[in-house]
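Reminder, nothing fancy here: chain letters follow the sequence lines and each chain counts from 1. Note that these values count all heavy atoms, side chains included, but never hydrogens, waters or copies made by symmetry.
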Amino acid sequence: MRHLLSIEETPKEKIEEILSTAKGFLEISRRPIKKVPVLRGKTVVNLFFEPSTRTRSSFEIAAKRLSADVMNFSASVSSVRKGESLKDTVLNLEAMKTDLIVIRHPSPGAARFLTTFCRSAVINAGDGAHEHPTQALLDALTVLEHKGRLDGMKVVIVGDILHSRVARSDLFLFHKMGSSVVLSGPPTLLPPYFKALPAEVEYDLDRAVDGADVVIMLRLQMERMKGGFLPSLREYRARYQLTGERLSRMKPDGIVMHPGPINRGIELSHEVADSPRSVILDQVEKGVAVRMAVLSLLLGGEA
Amino acid sequence: MRILLKGGRVVSPQNKINTVADILIEDGEVKEIGKVNCGDCREYDLSGKYVFPGLIDMHVHFREPGREDAEDIASGSQAAAKGGFVAVAMMPNTSPPIDDPLRVRFVVEKARSAKVFVFPVGAFTKGRRGEELTEMALMAEEGAIAFSDDGLPVSNPLVLRRGLEYLLALDLPYLSHAEDLKLSQDGFVNETPFTAKLGLRGRPWVSEAVAISRDLLIAEFVGAKVHLQHISTKRGLELVAEAKERGVRVSCEVTPHHLLLDETYVSSFDPNFKMNPPLRSPEDREALVKGLREGLIDAIATDHAPHTYDDKEVEFDAAPFGVVGLETAVSLIWDKFVRRRVISPKRFAELLSVNPAKILGLRGFGKIEKGYPAHITVIDPKKEVVVDRDKFASKSRNTPFHGWKLRGAAVMTMVEGEVVSESF
């Protein structure tokens, strides 16, 4: 594996390898001295063209715990587009002899575009509404820890599917691992043709979560109201908020996940957000381990 | 000087020629068709080759004035000559747009020294803003042969109605870029399950079909002629078929890329597969090929849309729409459709010469006949070519067909008896 661009193109065996490597790395972060020399002397660049605290810090901590040198480069696309092109920006960074570039960018395909001209390994940390592969991998590791398996489960993804890279990556991952995926959300944010992907579409959230093992709630972007996708927040809340009542329709040991940051009182009621069934902070912990695994596998370090 | 084209198969459907014959050319005109011997002629042995009335590309963008770094009238017409075209219709979406008589004159002046005929299409509305009509009559006097806001539709139906009515007096065609911009919502690709997983915003088929149906109804109401550009969808084509049956005066064109590529190519995120209309589903593509075969489609036009390397070497959504087409169209259509017997050489001549000449009202084009100007394209059906963007005469390289191996190519282009390109 030279790059990690999408889950859709990553074979099942590779996903399993990343997850088992990540399990090993979980322990490192729990040590008092959280550092191993796996990537000593390697240079990792975090190239972020969208605001992100969680993913960028997670990659940064992951790289540092592996002893890599990390550089953070943040920019807004609008400022970059006026001046230097993305290609020139990356070529300039690469001239400093980088080994790996983690890129988040609002354009679908941006990470793949980098691989057409740069030497460094590339990790897609989110390209527009396309994919966010490390998020799906950390979701999988979280499910694995709580459920002991990834197959034969009912996984429900709820919310703004149309604009969500997390939904796409999760959908492909859980389908590949042998679970069934149900998508739920208002049809404007989940057009009927999503049925053609390996997933079911269920517009009624009560029915969607019925008997679910895992429910993944997506963040609702407030600008969807202006785009005419939704009439109002209260109507969205009434139909698509995960409430205690809906939580009780899931399997008794079913878990609730969210890629964060959460909108309390919108996609999740506070009782669900703070319930023991919510494993959102576990996901954050797994994120570091998964990213350590991907970094070490791409840079050829020994685990 | 006299030229003798010897022994080629001459295909000129308008005057029902489809036979091996010699053609004698003198003073820019066809003097003889048949068995001709000529002692002091420059002679070309064309046995095994096809001789067509000069091909016409009724849809090109030459970027002059404004973006001469991507293409200008001189380089664009060189690309046309090399690709086998004797004439092109140049769209007015330059910067500034060709929306007044002086600007039409500018193009006509520039075109005078070009290798092939470059006919200006004037803007339908001032500034292509879709609000006020341009001075179409005065522009026609300067040489505009048709009107269009191409690149944009005329979104206001009343402006379209008035413009079509106004054009009745001039008897010139309106070329319609049929698209509903609201339904297109600045999308980049066809909107289907396949593209949904790529996370790219969709420009769905319904945006084309709604606009086509509206244009057809308004044209029918006014009694005007309308030519639909770059049709890309099955539903759009069905609407054309239905309107033709009703007797609406409609014609339509399709591009080589919509005939040969579909949305699955977009998964590479390569901006050379980004065009407007976008590449559609395999089913749409099949419907276009069927329309080509069965005669519903009137013309093939390239929508030659040059963009500089730097403009296209960016993220998919940041790249401009469009691909070049002049230097690949003939080989693509010949290899994929004529050689494979989807269409006949006669139909090839209709799609690329006879019908474009008719739709645009170009006199002296679309026919090889005694006394007619000698606009001729010779095609070698056996010549093998590999598309190489680095050898284009065009200033731009943005082709989705780089590296394609094709059989059949234009080997000679003659404009008014003068050989403007030759590559036997």
Side-chain angles (χ1 to χ4, degrees), chain A residues 5-9 49 77-78 80-82 84-91 103 105-117 124 126-132 161-169 171-172 175 183 188-199 201 227-229, chain B residues 180-207 235 262-274 278-284 307-321 389 397-398 400 402-403:
Chain A
L5 305 178
S6 75
I7 295 293
E8 195 194 0
E9 294 158 304
F49 292 91
V77 166
S78 54
V80 171
R81 270 183 194 163
K82 274 178 217 145
E84 202 176 37
S85 72
L86 175 59
K87 183 173 178 175
D88 286 331
T89 304
V90 171
L91 288 174
I103 180 172
H105 195 282
S107 301
R112 174 181 306 274
F113 174 54
L114 260 53
T115 66
T116 64
F117 60 82
N124 180 8
D127 59 334
H130 177 221
E131 283 224 36
H132 188 359
I161 309 290
L162 183 64
H163 300 98
S164 173
R165 52 192 170 219
V166 174
R168 286 169 179 79
S169 289
L171 184 162
F172 287 118
H175 171 74
L183 305 174
T188 44
L189 298 174
L190 173 54
Y193 54 72
F194 273 78
K195 277 199 278 279
L197 300 182
V201 170
F229 290 97
Chain B
D180 185 310
L181 293 180
K182 294 279 185 201
L183 286 171
S184 287
Q185 56 164 8
D186 295 322
F188 309 113
V189 296
N190 200 27
E191 188 176 337
T192 62
F194 184 84
T195 58
K197 67 183 188 183
L198 302 176
L200 290 163
R201 204 158 51 236
R203 199 172 266 248
W205 64 260
V206 71
S207 119
R235 285 299 284 125
D262 62 45
E263 65 192 18
T264 60
Y265 285 86
V266 175
S267 60
S268 64
F269 292 100
D270 177 348
N272 285 324
F273 295 100
K274 178 178 175 180
L279 296 175
R280 301 291 185 185
S281 69
E283 193 192 354
D284 285 310
H307 293 290
T308 63
Y309 176 80
D310 290 335
D311 282 350
K312 274 286 200 185
E313 186 68 2
V314 293
E315 309 89 284
F316 192 89
D317 58 2
F321 291 101
R389 61 187 171 206
R397 306 273 172 271
N398 51 314
H402 182 65

- If you look at every heavy atom in B:Leu198 and A:Pro108, which pair is closest and at what distance? O-CB, 3.5 Å
- Query: Which bit of A:Glu8 comes within less than 4.5 Å of chain B, counting heavy atoms only: side chain, backbone, both or neither?
  - Reply: side chain
- Message: Counting only non-hydrogen atoms closer than 4.5 Å, does A:Arg165 touch chain B with its backbone (N, CA, C, O), its side chain (CB onward), both, or neither?
- Response: neither
- Backbone N or O of B:Asp270 within a donor-acceptor pair of the A:Arg112 side chain at under 3.5 Å? no
- Show your working on side chain to side chain contact (heavy atoms under 4.5 Å, CB included) between B:Glu313 and A:Phe113 and close with a plain yes or no. CA-CA 9 Å; B:Glu313 186 68 2; A:Phe113 174 54; 4.1 Å; yes
- About how many Å separate CD of B:Glu315 and CG of A:Asp127, when rounded to the nearest 0.5 Å? 11.0 Å
- Give a yes or no on this: more than 12 heavy atoms of other residues, nucleotides or ligands lie within 6.0 Å of atom CD of A:Glu9. yes
- Item | Close contacts, residues 183-191 of chain B versus chain A, judged by heavy atoms under 4.5 Å | B:Glu191
- Applying side chain to side chain contact (heavy atoms under 4.5 Å, CB included), name anything that partners B:Pro278, two or more places apart in sequence or on another chain. B:Arg203, B:Asn276, B:Arg280
